[in-house]
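Here is the structure we will look at, set down as structure tokens.
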Amino acid sequence: MPSDILDRSFYLQDTLTCARGLIGKFLNRNLNGRIIRAVIYETEAYDGEEDLACHARAGKTKRTAIMYGERGFAYIYFTYGVHWMLNCVTGRPGHPAAVLIRAVMPTQGMDIIAKNRALIPQKHWTDGPAKLTKALAITGDMNGTDLCDSASPIFITQGFELPDNYVQATPRIGIDNTPEPWKSKPWRFIADLNHLRMAANRN
DNA sequence: TCTTCGATTGTCT
DNA sequence: GACAATCGAAGAA
């Protein structure tokens, strides 16, 4: 299948580089043989036990073990008793880190997403980390999926190169109780949606 | 075992 | 803008 799959060496890079680099890439979901594709436009980096916003701050546990494993795999966890979150394991081996996928722009398989997000305005189908997992039917049983294998239910492929002036870095969302300096680290990356739409339309 | 609280969302005012 | 929903992981006891 796609020779343009994002290969494991990508995920061995520094976690911030991965978080920035994933902006503009395609998130692919194979659902019973049908592919849903969406461009990633918002991510956050969680980097190591010393990052007090990172789940691995408590060390290696059953939940975070996947972050200590091989790079390029999915770390999917459940939160608020309701929501699934999708992350990519990144960074140097032995260093627990991951990139949270916070938002995507669907480009293929819209009919499936429409069913998964019934009654929700299209604008809000995939504009949040738990919204996109619901839209793409991603749940905890896909935890540990190899994102570098096009036979996986979830995998990531090459996308658009976005110049830095269309991608801004801001503090991460929803970590109000995390102490400084972690709370203010500009480890969230978000692309200009208008620019991304134009880039997508050119292709 | 018990308590706290979360990398959020959707609804209601 | 405020807040309930809803449950499992982690830390305390």
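- Side-chain N/O atoms of A/Thr157 and A/Arg37 include a donor and acceptor closer than 3.5 Å.
- No engagement by A/His124 is indicated, since no non-hydrogen atom pair under 4.0 Å with the nucleic acid exists.
- Between A/Phe78 and C/dG8, no base-stacking contact is recorded for ring centres under 5.5 Å apart and planes less than 30° from parallel.
- With a 3.5 Å ceiling on both atom-pair distances, C/dT6 lacks any Watson-Crick or G-U wobble partner.
- With both pairing distances under 3.5 Å, B/dC12 is matched to C/dG1 as a Watson-Crick or G-U wobble pair.
- Whole-Å rounding puts the A/Trp84 CH2 to B/dT9 P distance at 15 Å.
- Checked against C/dT6, B/dT8, B/dG6, the side chain of A/Asn177 finds its nearest nucleotide in B/dG6.
- In this structure, A/Asn143 atom CG and C/dA9 atom C1' are separated by 14 Å, rounded to whole Å.
- At the heavy-atom level, A/Ala53 lies under 4.0 Å from base atoms of the strands shown.
- The base of C/dA9 lies outside donor-acceptor range of the side chain of A/Tyr77, with no N or O pair under 3.5 Å.
- C/dG1 and B/dA7: their P atoms are spaced 23 Å apart (whole Å).
- Between A/His195 and A/Tyr166, the ring planes lie parallel to each other; the angle is under 30°, not in the 30° to 60° tilted range.
- C/dT6 and B/dC2 are spaced 22 Å apart, taking the P atom of each and rounding to whole Å.
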